[in-house]
A.B. asks: 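Mind looking over this structure? Questions follow.
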Amino acid sequence: MAREVQVSLLPPDLPKLQDAELAVRFQSAHEIGGDMYDFFEYSKKITAISLGDVSGKGAPAALYAALVSGLMRSVAKQKLSPCKMLQSLNSSLYERGLETQFCSMIYAVWDAGKRRIKVSNSGSPRPIFCRQGVITKIEATGIPLGLFDYSTYDEITLKVAPGDVIALFSDGMLDALNTAGELFARPHLEELVAKNCHLPATELVALLFNAVQQHSGDVAAFDDETVIVFKAN
């Protein structure tokens, strides 16, 4: 039942972005975690992209993810900026007083008319920005949602050129272990993005997932693995 709840929260189709490609891949762990992603069309040229990870596993995580998803879809109608969206979600979750639960999230808004993307982060791994094979970390940070009242969040604005790639990912990608107990780790992921940023978004997502699978081998995943690749045309 928890798996059904988790999968039902995910959008059935990807939005068609203006002047950009979008690709996503999600794989739940053997024991259910709490990765979630969603998209919101603010206008024909403006689209919001979210990737979240709730604390815990199993039914509690699935139920909390359902709460976060419902709140986010309701607030998205206001077409808030990334930092304002995270502040709104944080206040709503904190008011509910679920002390053992919290959510990390990346929230980004792509504006095709201005060719810029704004990004805010509440405790998720920092996204990767790649331009012509050169990697830059998007230094947006913040406290996970639901822990403290009145939390504020940084908002980074990136001017986007054709061919630029932005990769959002959950910590399950970085924390994948092999038989020697070694993590897949961020440097490996950054290297793969840098060397393969010329690929279409769908092919890059597949390559990243295949690399994690090859690294893990027969070691079962203990956390959900999710990656979203945005590539500007």
Side-chain angles (χ1 to χ4, degrees), residues 7-26 35-53 65-93 103-131 136 138-142 145 151-170 197 199-205 226-233:
V7 173
S8 71
L9 298 175
L10 305 179
D13 301 298
L14 297 182
K16 294 182 179 180
L17 304 185
Q18 184 170 324
D19 297 330
E21 305 170 25
L22 192 64
V24 180
R25 188 164 174 182
F26 160 79
D35 280 11
M36 53 185 290
Y37 61 86
D38 214 336
F39 311 99
F40 308 102
E41 187 177 283
Y42 284 8
S43 70
K44 290 184 178 180
K45 293 185 177 182
I46 302 176
T47 303
I49 303 167
S50 67
L51 172 58
D53 184 3
L67 171 62
V68 175
S69 178
L71 290 170
M72 182 165 54
R73 290 177 183 181
S74 176
V75 176
K77 298 175 182 178
Q78 301 177 34
K79 302 179 181 181
L80 298 178
S81 66
C83 65
K84 295 297 184 183
M85 170 60 86
L86 294 186
Q87 289 174 18
S88 177
L89 289 175
N90 180 71
S91 295
S92 295
L93 292 172
C103 176
S104 59
M105 180 175 290
I106 294 282
Y107 199 87
V109 175
W110 163 240
D111 186 332
K114 297 180 179 178
R115 293 199 65 85
R116 71 183 185 191
I117 190 165
K118 294 185 176 183
V119 183
S120 289
N121 185 2
S122 63
S124 293
R126 291 167 297 174
I128 294 172
F129 178 72
C130 182
R131 173 173 290 171
T136 302
I138 300 176
E139 300 290 353
T141 59
L145 306 175
S151 294
T152 59
Y153 299 92
D154 298 333
E155 185 172 282
I156 305 298
T157 300
L158 300 169
K159 293 294 291 183
V160 177
D164 286 355
V165 168
I166 298 174
L168 317 179
F169 45 91
S170 64
C197 61
L199 295 175
T202 52
E203 293 184 22
L204 183 54
V205 162
T226 308
V227 62
I228 299 176
V229 168
F230 166 97
K231 184 170 185 177
N233 295 329

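None of the values given here were measured: they were computed from a predicted structure. Heavy-atom basis, side chains included; hydrogens, waters and symmetry copies ignored.
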A.B. asks: Considering only heavy atoms from C-beta outward, does the side chain of D19 approach that of R115 to under 4.5 Å?
C.D. replies: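 Yes. Closest side-chain heavy atoms under 4.5 Å.
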A.B. asks: Do side-chain atoms of S69 reach the backbone of A65 as a donor and acceptor pair under 3.5 angstrom?
C.D. replies: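 Flag not set: sc S69 to bb A65 has no pair under 3.5 Å.
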A.B. asks: Do Y37 and T226 have side-chain heavy atoms sitting under 4.5 Å apart?
C.D. replies: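 Y37 reaches T226 side chain to side chain.
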A.B. asks: Checking K231 side chain against L199 main chain: does a donor-acceptor pair fall under 3.5 Å?
C.D. replies: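 Checked: pair present.
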A.B. asks: In the structure I gave you, are the side-chain heavy atoms of L22 and V229 within less than 4.5 Å of one another anywhere?
C.D. replies: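 When only atoms from C-beta onward are counted, V229 and L22 do not touch, as no gap falls below 4.5 Å.
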A.B. asks: Answer yes or no: is there a side-chain heavy-atom contact under 4.5 Å between R126 and I138?
C.D. replies: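 With C-beta onward as the side chain, the pair stays apart.
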A.B. asks: Is the backbone N or O of R116 less than 3.5 Å from a side-chain atom of K159, with the two atoms forming a donor-acceptor pair by type?
C.D. replies: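 A pair under 3.5 Å: no.
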A.B. asks: With side-chain hydrogen bond (donor to acceptor under 3.5 Å, both in side chains) as the criterion, how do D154 and T141 come out once you've worked through the C-alpha distance, each side chain's angles and the decisive distance to 0.1 Å?
C.D. replies: CA-CA 6 Å; D154 298 333; T141 59; 3.3 Å; yes
A.B. asks: Quick check: does any side chain N or O of S104 sit under 3.5 Å from a backbone N or O of D53, one acting as donor and the other as acceptor?
C.D. replies: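 Yes, the answer is positive, given that a donor and an acceptor are paired below the 3.5 Å cut-off.
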A.B. asks: Hey, is the main chain of A140 close enough, under 3.5 Å, to the side chain of N121 for a donor-acceptor pair?
C.D. replies: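 Yes: the side chain of N121 pairs with the backbone of A140.
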A.B. asks: Only one of W110, F39, F129 forms a ring pair (Phe, Tyr, Trp, His ring centres under 6.0 Å) with F230, so which one is it?
C.D. replies: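 Output: one option passes, namely W110.
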A.B. asks: So, does S124 use its side chain to make a donor-acceptor pair with the main chain of M105 at under 3.5 Å?
C.D. replies: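 Flag set: sc S124 to bb M105 pair under 3.5 Å.
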A.B. asks: Would you say that E155 contacts S120 through its side chain, given a criterion of any heavy-atom pair below 4.5 Å between the two side chains?
C.D. replies: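 Answer yes - side chains close enough.
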A.B. asks: Check for a donor-acceptor pair, side chain of S88 on one end and backbone N or O of K84 on the other, with a separation under 3.5 Å.
C.D. replies: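 Between the backbone of K84 and the side chain of S88 there is no qualifying donor-acceptor contact (under 3.5 Å).
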A.B. asks: With a 4.0 Å cut-off on N to O distance, would you call D111 and K45 a salt bridge?
C.D. replies: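 Between K45 and D111 there is no salt bridge, as every charged N stays at least 4.0 Å from the carboxylate O atoms.
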A.B. asks: As a test of understanding, state which of I228, L168, I49, I166 forms a side-chain contact (heavy atoms from CB on, under 4.5 Å) with I106.
C.D. replies: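 With I106 as partner, I228, L168, I49, I166 yield a single side-chain contact (heavy atoms from CB on, under 4.5 Å), made by L168.
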